[in-house]
Asker: 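Sending over a structure as structure tokens; questions will come in a sec.
For ligands, and for the atoms within them, numbers begin at 1 and follow the listed sequence. What you see below is based on every heavy atom in this structure, not just the backbone, and it leaves out hydrogens, waters and symmetry mates.
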Amino acid sequence: MSIELKNVSKKYNDKFAVKDLNLKIEDGKITVLIGLSGCGKTTTLKLLNRLVERSEGEIFFDGVSIDDIDKIQLRRGIGYVIQEIGLFPHYNVFDNIVVVPKLLGWNKRKIKEKVKELLELVNLDYDSVVNKYPLELSGGQRQRVGVARALAADPKILLMDEPFGAIDPINREILQDVLLDIQNK
Ligand SMILES: Nc1ncnc2c1ncn2[C@@H]1O[C@H](COP(=O)(O)OP(=O)(O)OP(=O)(O)O)[C@@H](O)[C@H]1O
């Protein structure tokens, strides 16, 4: 799915967090936003899943204006992975991953197959982790579960906000390779 931002701005209390951003992201591409702390990277991602509403400009998904897409449908079609937080602490791994598929009314067999497929994709052993709670996992394992959850409903778009920032360099590199693998698949 392609994404286009045209002259997009976001102001908080009259101060620009994002100013006049023009960006075209083609279908199937990995695009990376790089910039100094506070330059508006997180805000830009949140503008795309409408956790934040823009002040000016236009955003299109496959040429369709974001205003013409139902907010809930939009969010369900976009995976979102953030640093550290994000998993529900009182849900085990299985229940964390299946939140959206359950909302979408998938049947139990399809859901279980999906969880198996996703955990395999992020190199986690189903039987060892599926009943564990986030606190019982290592940081790297938690981030993998976060990626698996973001991919659970087969989203066309995956937004990642420094998802591996808090992970040691060795695991970070492994996870980056996992992601490229996922992208290829
Ligand atoms: N909810 C908010 N209310 C007011 N100002 C905000 C809010 N969220 C972000 N800002 C401001 O908007 C600007 C951009 O913030 P943003 O989080 O998008 O930056 P970033 O590039 O992701 O930074 P970092 O790399 O440090 O995560 C900053 O000046 C920040 O203080």
Asker: Atom NZ of residue position Lys112 - does it have more than 12 heavy atoms of other residues, nucleotides or ligands inside 6.0 Å?
Answerer: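 Atom NZ in Lys112 is not packed in, count stays at 12 or less.
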Asker: Listing request: all side-chain hydrogen bond (donor to acceptor under 3.5 Å, both in side chains) pairs with a residue in residues 172-185, at least two apart in sequence or in separate chains.
Answerer: none
Asker: Can you tell me which residues line ligand 1 if we count any heavy atom under 4.0 angstrom from one of its atoms, in chain and number order?
Answerer: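 For ligand 1, the contacting residues are Tyr12, Ala17, Leu36, Ser37, Gly38, Cys39, Gly40, Lys41, Thr42, Thr43, Glu162.
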Asker: Does NZ or CZ of Arg149 lie under 6.0 Å from the centre of the six-membered ring of Phe88, at an angle within 45° of the ring axis?
Answerer: yes
Asker: Share the residues that join Leu180 in a hydrophobic cluster, the rule being Ile, Leu, Val, Met, Phe, Trp or Tyr side chains under 4.5 Å apart at the heavy-atom level.
Answerer: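 Direct or chained contacts put Leu180 with Ile30, Val32, Ile34.
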Asker: If the threshold is 4.0 Å, N to carboxylate O, is there a salt bridge linking Glu120 and Lys116?
Answerer: no
Asker: Applying ring pair (Phe, Tyr, Trp, His ring centres under 6.0 Å), name anything that partners Phe16, two or more places apart in sequence or on another chain.
Answerer: none
